[in-house]
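Notes for the one structure printed next.
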Amino acid sequence: MFDWLAAFAGGGLAAKATAAVTTTGVAVSNAAGNTAIPWWVWPLLLFVTTFVLGIVAVLGGVGGGVLFVPIVGSFFPFNLDFVRGAGLLVALAGALAAGPGLLKLNLANLRLALPVALIASTFSVVGAFVGLALPNNVVQAALGLTIVLIAILFVISKNTEFPQVGNSDRLARFLNLGGTYYEHSSGKTVNWSVWRTPQGFLLFIAIGIMAGMFGLGAGWANVPVLNLLMGAPLKVAVGTSKFLLSITDTSAAWVYLNQGAVLPIIAVPSVVGIMLGSFVGVRLLAKAKPKAVKYLVIILLLASGLRSLLKGLGIWN
């Protein structure tokens, strides 16, 4: 009798496992446009690709999301909604991993991050709804154009380690935007403040919309605004930008989750691949040539951006 019960239980578990695999296969096949390739090949390729992107992202000093969405969206057959949903989780995972350490070192400043996060996260929700409402070809073309502009921004922007800041504006003084951190390279404590705060806050409205609409981590835009426009030291701009993603991307990710646009079989290998690649990238960082890696990132962005643009316009499907 017990043998029969065991067999029955085992049969039930086997049936459930078979059903789960079948459901997963159908979900991945649908996300990939019902291609003839076995479903399990795509998560495996995704893991390998994101592992490499994780290494390149660390060496190039960019967030994984800004490489993930255009490259996977352009060269993988997944529906763009699933790619954007996974892209937000990829950027979110990296931000959550880095956040506590950045706060402990005072490189992420809460006084600066919270008002910016409120603006960016609110409008990232708006951007997520807009992105899901628009036709895929329109979003694909807009994404491609945005990525090409980001690549150009990487070419022309020159971040300043310690920007010259004039008198703080009234809004910066009211919010007490400023702080200190210890600079190990010089062995000194750096006092800093910001200015041109209203202009910076207005730009974060656009950054939030783009982050939600395209599923991009917005570090590529956060850092230039915080550093070049508002005058935060480069390390504070980078640290605060990374911390911001944990708030901005969470807000937009909920919209994609609610709409069913986050598929675990795509998101999980992507997050694991990016995180493992990041650990390897950190180890290689000391030996890498920054200029060579920067040019590699720019080439990858241009290639994927142009591919996405042409795909959205129906020229290269």
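Along the sequence shown, residues are numbered consecutively beginning with 1.
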Problem set entry | Atom of Gly131, atom of Val139 and distance for their closest heavy-atom approach | O-CG2, 3.6 Å
For this session: Please report the C-alpha distance between Val272 and Phe51 in whole Å, then the side-chain angles of each, then the deciding distance to 0.1 Å, and finally whether the side chain to side chain contact (heavy atoms under 4.5 Å, CB included) criterion is met.
Result: CA-CA 8 Å; Val272 173; Phe51 178 77; over 6 Å; no
Exercise. Between Phe76 and Lys311, which heavy-atom pair has the shortest distance, and what is it?
Worked result: O-NZ, 4.1 Å
Exercise. Taking only residues at least two apart or on different chains, which pairs with a member in residues 166-179 satisfy side-chain hydrogen bond (donor to acceptor under 3.5 Å, both in side chains)?
Worked result: Asp169-Thr197
Problem set entry | Leu53 versus Ile274, closest heavy-atom pair with distance | CB-CD1, 4.2 Å
Exercise. Does the side chain of Asn222 come within less than 4.5 Å of Ile207's, by heavy atoms?
Worked result: yes
For this session: Might you work through the side chain to side chain contact (heavy atoms under 4.5 Å, CB included) test for Val69 and Leu143, ending with a clear yes or no?
Result: CA-CA 9 Å; Val69 176; Leu143 172 64; 3.8 Å; yes
For this session: Quick one: do Val148 and Leu302 satisfy side chain to side chain contact (heavy atoms under 4.5 Å, CB included)? Show the steps, please.
Result: CA-CA 5 Å; Val148 170; Leu302 282 174; 4.3 Å; yes
Problem set entry | Residues that Val48 engages under side-chain contact (heavy atoms from CB on, under 4.5 Å), provided they are two or more places apart | none
Seminar exercise, completed: Those residues at least two apart in sequence (or on a different chain) that pass side-chain contact (heavy atoms from CB on, under 4.5 Å) with Val138 are Leu134, Pro135
Exercise. Is a donor on one side and an acceptor on the other found under 3.5 Å between the side chain of Thr50 and the backbone of Phe47?
Worked result: yes
Problem set entry | Any pair counted as side-chain hydrogen bond (donor to acceptor under 3.5 Å, both in side chains), so long as it reaches residues 261-273, sequence neighbours left out | none
Problem set entry | Residues clustering with Val165 (ILVMFWY side chains joined when closer than 4.5 Å, directly or via others) | Trp195
For this session: With rounding to the nearest 0.5 Å, note down the distance linking OG1 in Thr250 to CG in Leu92.
Result: 4.0 Å
Problem set entry | Evaluation steps, side chain to side chain contact (heavy atoms under 4.5 Å, CB included), between Leu46 and Phe78 | CA-CA 11 Å; Leu46 198 55; Phe78 299 128; 4.1 Å; yes
For this session: Return the minimal non-hydrogen interatomic distance between Ala86 and Ile266, and the atom names on each side.
Result: CB-CG2, 4.1 Å
Seminar exercise, completed: Residues at least two apart in sequence or cross-chain that pass side-chain contact (heavy atoms from CB on, under 4.5 Å) with Val125, listed by chain then number, are Phe129, Ser251, Val255
Seminar exercise, completed: Between Pro269 and Pro264, the two heavy atoms sitting closest are CD-O, 3.7 Å
Problem set entry | Any pair counted as side-chain hydrogen bond (donor to acceptor under 3.5 Å, both in side chains), so long as it reaches residues 132-145, sequence neighbours left out | Asn79-Asn136, Gln140-Ser308
Exercise. Taking all non-hydrogen atoms of both residues, which atom of Ile265 and which atom of Pro43 are closest, and how far apart?
Worked result: CG1-CG, 3.8 Å
Would you tabulate the side-chain donor-acceptor contacts of residues 107-124 under 3.5 Å, counting partners in other chains and residues two or more places apart, or write 'none'?
from: Asn109; atom 1: OD1; to: Arg111; atom 2: N; distance (Å): 3.2
from: Asn109; atom 1: OD1; to: Leu112; atom 2: N; distance (Å): 2.9
from: Ser121; atom 1: OG; to: Ala117; atom 2: O; distance (Å): 2.5
from: Ser121; atom 1: OG; to: Leu118; atom 2: O; distance (Å): 3.4
from: Thr122; atom 1: OG1; to: Leu118; atom 2: O; distance (Å): 2.6
from: Ser124; atom 1: OG; to: Ser121; atom 2: O; distance (Å): 2.7
from: Ser124; atom 1: OG; to: Thr248; atom 2: O; distance (Å): 3.2

Exercise. Under the salt bridge (charged side-chain N to carboxylate O under 4.0 Å, His left out) rule, what pairs show up with a residue in residues 80-96, not counting sequence neighbours?
Worked result: Asp81-Arg84
Problem set entry | Partner set under side-chain contact (heavy atoms from CB on, under 4.5 Å) for Ala141, not counting sequence neighbours | Leu309, Leu313
Seminar exercise, completed: Residues pairing under salt bridge (charged side-chain N to carboxylate O under 4.0 Å, His left out) where one sits in residues 136-157, two or more places apart or in two chains, turn out to be none
Seminar exercise, completed: Here the gap from Leu45 atom CG to Phe75 atom CZ, rounded to the nearest 0.5 Å, amounts to 14.0 Å
